[in-house]
Undergrad: 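For reference, the structure I am asking about is given below.
Whatever order the structure lists them in is the order used to number ligands and atoms, beginning at 1. Heavy-atom basis, side chains included; hydrogens, waters and symmetry copies ignored.
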Amino acid sequence: MAQISLTFPDGNSRDFARGVTAAEVAAAIAPSLGKAAISASVDGKHWDLQWPIEADATIAIHTMKDDAQALELIRHDFAHVMARAVQKLWPEVKVTIGPVIENGWYYDFDRDEPFTPEDLGLIEKEMKAIINERDPVRTEVWDRSRAIAHYVAKNEPFKVELIEAIPGDEPLRMYWHGHWQDLCRGPHLQHTGQLPADAFKLMSVAGAYWRGDHTKKQLQRIYGVAFKNRDDLKAHLTMLEEAAKRDHRKLGREMELFHLQEEAPGMVFWHPNGWTIYRALEDYMRRRLTRAGYKEIKTPQVVDRVLWERSGHWEAYRENMFIVEVEEEHAREKRINALKPMNCPCHVQVYNQGLKSYRDLPLRLAEFGSCHRYESSGSMHGLMRVRGFTQDDAHIFCTEDQIEAECAGFLDLLSSIYADLGFAKFDIKLSTRPDVRVGSDEIWDKAETALENAIKKVRNDYEVDPGEGAFYGPKLDFKLTDAIGREWQCGTFQADFNLPMRLGAEYVGEDGAKHRPVMLHRAILGSFERFLGILIENYAGKLPFWLAPRQIVVASIVSDADDYVNEVVAKLRDAGLRAEADTRNEKINYKVREHSVGKVPAILAIGMKEVAERTVSVRRLGETRTDTMPLADAIAAFRAEATPPDLK
Ligand SMILES: [Zn+2]
Ligand SMILES: [Zn+2]
């Protein structure tokens with residue numbers, strides 16, 4: 001029998017019969033590994049233990065210790081087990097699809113009656129019973145006609161439609177969890193007993209259209225979360241509770257920051273308090289960019305489709321663009337414009353004005369660029385996902401040799417800004433060349449190496465995602481971790497070899513000949529709207545003093561103190577602080593409670609003692625004790641505290 005050679009992670013190789021399964025390989029290494037194995041990686045591909053290996057390859061056997069593979073399998077197997085449980089309880093329910101998502105999975109069902117919270121409890125119980133049965137997972141490859149005939153006979157019309165939509169005539173893979181069968185690419189666990197029965201929970205039911213198409217049938221989507229063990233599940237549920245408490249939409253109401261309404265879905269109405277935070281952040285970013293050698297520009301909102309055709313957006317991105325038709329005076333035809341969904345093409349227009357030479361590079365053009373993108377109404381979420389937003393955008397035009405230095409400078413700026421804003425921890429991911437791409441291999445080699453070298457200067461841990469770069473160049477993504485452990489992708493740094501070519505950007509090199517600059521797209525916050533949502537939730541509304549929209553409320557205890565209250569407010573404002581008076585005829589405790597809900601960091605209580613001594617009694621948000629101090633000392637202390645981190 002023909003032999004193949006498998007190479008293990010330690011570099012050792014061993015021969016096996018061609019067609020050996022990963023399960024057989026695991027068992028050959030050690031029977032205990034055969035039992036503990038959950039899947040394998042064969043030439044880097046996540047591999048089911050039952051799949052045969054037909055050629056020389058590298059192989060790694062995975063157990064529950066391998067987080068990424070374990071969680072993917074657990075969540076995926078749970079999707080199947082949940083569908084099996086649902087059909088056990090209600091055999092008439094039709095099954096559709098059930099992918100893995102962040103922290104869990106969902107599965108879409110066609111059932112006339114809505115699933116109730118009690119139903120979710122029943123399903124969970126049934127799932128635990130299935131896990132207890134330790135049913136083997138089995139897989140077979142079927143040809144298409146057999147698969148279609150099978151699902152027609154079982155009266156599962158959605159599965160038939162799914163198979164018919166798969167192009168070509170390739171065979172299809174079937175999976176069984178016990179007797180229950182589903183069409184699936186795999187891989188899966190060895191048996192249902194490998195699922196952690198105490199580490200999953202069904203979370204909610206939502207409506208979802210078949211294939212995401214609102215003209216098609218509405219299905220019911222059940223969401224579940226799953227982890228490797230009970231402690232991880234508990235930590236996740238606690239995090240969700242904490243997240244609900246700090247939901248920026250709730251805090252946005254309580255702190256009177258912003259609102260959204262039907263007439264402008266996904267576009268923010270900023271109120272005075274919210275806009276104050278926005279401007280404090282924008283001022284800060286502007287100072288940082290200026291110091292880092294960026295030049296700020298402003299480009300139009302409404303731009304003729306001709307430019308979008310040249311940039312390629314009209315073809316590739318049109319369904320996300322807001323189109324604006326204008327009946328031009330004396331024109332025979334309507335002129336078609338679009339609200340800009342990105343700033344890049346406009347920045348190239350600024351670059352293209354006047355001949356550029358190598359001495360002008362790198363040229364860093366920044367814009368707080370207001371963009372609009374059409375997002376489906378179901379995907380919008382407070383400030384986190386909107387249709388109208390402002391990017392902290394910039395494009396660096398540079399030579400190929402300057403990419404590394406520009407990337408290093410960007411990494412310094414980004415780390416310093418994240419630290420100033422309270423995010424000490426962030427992760428970097430490098431995405432490299434995809435199969436379909438523009439630009440020569442030489443320039444990809446150069447750019448990928450430049451990005452990697454720049455990262456290595458600041459840290460040694462980063463993730464590489466092979467093949468996941470944009471078609472126009474490699475990119476870095478930056479994910480920060482907030483106070484309750486959630487990750488948010490905010491910053492980006494992308495090399496682009498394509499747009500300068502499409503839009504004719506050039507510079508005259510030292511050799512006197514014309515060259516294409518490389519364009520670096522980069523953002524640190526992403527969008528102001530979303531980043532403010534993240535900031536509000538990270539701090540649970542208790543923003544650092546320099547960002548707090550209302551910094552100080554001066555509250556009277558008795559009305560005879562009103563004049564002094566107004567004097568204190570005036571002096572605080574003269575010192576550049578955001579202060580307001582509360583001389584309402586209310587009890588001081590009532591005032592303190594109300595301003596605490598509004599997350600005002602400092603309340604100065606003023607009674608006749610303070611008036612007589614020209615002092616203030618400072619009460620900090622969330623604390624019960626007060627500090628009495630001379631007014632001048634308080635002003636000096638608040639001024640120091642209100643100084644933005646970059647000006648300290
Ligand atoms: Zn599956
Ligand atoms: Zn761009």
Undergrad: Are E126 and K88 close enough for a salt bridge, meaning some N to O gap below 4.0 Å?
TA: yes
Undergrad: Between H188 and H177, does the ring centroid distance fall short of 6.0 Å?
TA: yes
Undergrad: Do you know which N/O/S atom name in H395 is closest to the Zn ion (ligand 2)?
TA: NE2
Undergrad: Excluding waters, how many protein N/O/S atoms sit closer than 2.8 Å to the Zn ion (ligand 1)?
TA: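 With waters ignored, the protein N/O/S count below 2.8 Å is 4.
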Undergrad: Measure the spacing between NE2 of H46 and OG of S41 and express it to the nearest 0.5 Å.
TA: 6.0 Å
Undergrad: Please confirm whether the ring centroid of W444 lies under 6.0 Å from the ring centroid of F497.
TA: yes
Undergrad: To the nearest 10 degrees, could you say what angle the Zn ion (ligand 2) makes with ND1 of H521 and SG of C344?
TA: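 Vertex at the Zn ion (ligand 2): approximately 110°.
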Undergrad: Does the gap between the ring centers of F410 and F493 come in under 6.0 Å?
TA: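 Here the rings of F493 and F410 have centres that are less than 6.0 Å from each other.
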Undergrad: Are more than 12 heavy atoms, taken from residues, nucleotides or ligands other than K154, located less than 6.0 Å from that residue's NZ atom?
TA: yes
Undergrad: Throw together a table of side-chain donor-acceptor distances under 3.5 angstrom for residues 144-152, partners on residues two or more places apart or in other chains.
TA:
{"unit_1": "R144", "atom_1": "NH1", "unit_2": "I166", "atom_2": "O", "d": "2.9"}
{"unit_1": "R144", "atom_1": "NH1", "unit_2": "G168", "atom_2": "O", "d": "2.9"}
{"unit_1": "R144", "atom_1": "NH2", "unit_2": "I163", "atom_2": "O", "d": "3.4"}
{"unit_1": "R144", "atom_1": "NH2", "unit_2": "I166", "atom_2": "O", "d": "3.1"}
{"unit_1": "S145", "atom_1": "OG", "unit_2": "D143", "atom_2": "OD1", "d": "3.0"}
{"unit_1": "H150", "atom_1": "NE2", "unit_2": "Q181", "atom_2": "OE1", "d": "2.3"}
{"unit_1": "Y151", "atom_1": "OH", "unit_2": "L183", "atom_2": "N", "d": "3.1"}

